[in-house]
Amino acid sequence: MTAKPNPKTERFNPHPPGVIREGSVTHAVLLFLKTNKGKRFSTYQIIHSLGCSEKAASCAFIYLRRTGLVEVCPD
């Protein structure tokens, strides 16, 4: 007979939500902006500099903006 898992016990999640993982596009965007502190960049400039896809960069920008790590201004 196999034991059924207890639904009340929490399982370890190696990738919890809300954590910026090293090597991700979000991490790359944040590092790019930190190394160029005080400068303003367009979305295209960051995407071109990092060589990532527009979709991945958009997700990174949305997350960074929601968490208050970057400020956004209209073009």
Side-chain angles (χ1 to χ4, degrees):
M1 190 186 308
T2 59
K4 293 183 180 179
N6 185 352
K8 293 182 181 179
T9 59
E10 293 184 28
R11 293 171 32 191
F12 174 73
N13 182 356
H15 307 296
V19 175
I20 299 174
R21 294 183 359 191
E22 191 172 335
S24 67
V25 174
T26 304
H27 186 250
V29 169
L30 195 56
L31 285 177
F32 177 82
L33 292 173
K34 281 184 177 181
T35 56
N36 296 292
K37 201 169 205 147
K39 297 179 183 177
R40 294 182 182 208
F41 296 95
S42 69
T43 302
Y44 172 78
Q45 289 172 316
I46 296 173
I47 292 170
H48 183 71
S49 296
L50 297 177
C52 60
S53 70
E54 189 175 333
K55 190 171 186 175
S58 293
C59 290
F61 295 138
I62 289 168
Y63 175 78
L64 292 171
R65 186 175 183 194
R66 282 185 184 164
T67 56
L69 294 172
V70 297
E71 293 181 8
V72 179
C73 63
D75 290 343

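Index from 1, following the sequence.
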*Does the pair V70 and V29 meet the rule for a side chain to side chain contact (heavy atoms under 4.5 Å, CB included), with working shown?*
CA-CA 10 Å; V70 297; V29 169; 5.7 Å; no
*Is it possible for you to say whether F32 and I47 belong to one hydrophobic cluster, with membership spreading through side-chain heavy-atom contacts below 4.5 Å?*
no
*Look up atom CG in N36 and atom CG in L31, then write down how far apart they are to the nearest 0.5 Å.*
11.0 Å
*Which pairs, with at least one residue in residues 17-34 and sequence neighbours excluded, count as a side chain to side chain donor-acceptor pair (under 3.5 Å)?*
H15-R21
_Contacts of type ring-ring contact (aromatic ring centres under 6.0 Å, His included), residue F12, not counting sequence neighbours_ = none
*Between I20 and L69, is any pair of side-chain heavy atoms under 4.5 Å apart?*
yes
*If you look at every heavy atom in V72 and R65, which pair is closest and at what distance?*
CG2-CD, 3.5 Å
_Measuring only between side-chain heavy atoms, which start at C-beta, is I46 closer than 4.5 Å to L33?_
yes
*Report yes or no: do F41 and L30 belong to one cluster of Ile/Leu/Val/Met/Phe/Trp/Tyr joined by side chain heavy-atom distances under 4.5 Å?*
yes
*Any pair with a residue in residues 47-73 that passes ring pair (Phe, Tyr, Trp, His ring centres under 6.0 Å), sequence neighbours left out, goes on the list, sorted by first then second residue, please.*
Y44-H48
*Indicate the atoms forming the closest heavy-atom contact of C52 with V25, along with that distance.*
SG-CG1, 3.9 Å
